[in-house]
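To start, the structure itself, in structure tokens.
Here, residue 1 is the first one in the sequence, and each next residue gets the next number.
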Amino acid sequence: MTRQLPTDSVILIAPKEVGRLTSLSRTQIDRYRTDGRFPLPVMLGSKRMAFVKSEVIGWIEDRIANHRKPS
């Protein structure tokens, strides 16, 4: 049986990787999550979480698209 690698839509990434991708601190990411302005994490345990990579990438793309809109 051959295993396939998951697509980007199901890849989970650690908060540290989210910070690297977004250039946001862990504290800022937590504030955005609390305010409902950032994708919710997947809880992997009582203290361990990860984010769906495609959701984080979508959030970044939305920020870029909104930045480029004429005022």
| side-chain hydrogen bond (donor to acceptor under 3.5 Å, both in side chains) against R63, all qualifying residues, sequence neighbours excluded | none
| message | Checking D62 now: which residues fulfil side-chain hydrogen bond (donor to acceptor under 3.5 Å, both in side chains) with it, not counting sequence neighbours? | response | none
Look up atom [atom1] in [X] and atom [atom2] in [Y], then write down how far apart they are to the nearest 0.5 Å.
{"X": "F51", "Y": "T22", "atom1": "CZ", "atom2": "OG1", "answer": "9.0 Å"}
{"X": "S54", "Y": "E61", "atom1": "OG", "atom2": "CD", "answer": "10.0 Å"}
{"X": "I29", "Y": "R33", "atom1": "CD1", "atom2": "CZ", "answer": "9.0 Å"}
{"X": "L12", "Y": "E55", "atom1": "CG", "atom2": "CD", "answer": "9.5 Å"}

Counting only pairs under 3.5 Å, give me each side-chain donor-acceptor contact of residues 34-50, with atom names and distances, residues two or more places apart or in other chains.
{"unit_1": "T34", "atom_1": "OG1", "unit_2": "D30", "atom_2": "O", "d": "2.9"}
{"unit_1": "D35", "atom_1": "OD2", "unit_2": "R37", "atom_2": "NH2", "d": "3.4"}

| Given side chains that start at C-beta, do those of V52 and I11 come closer than 4.5 Å, heavy atoms only? | no
| Taking every non-hydrogen atom, the tightest pair across I60 and L21 | CD1-O, 3.7 Å
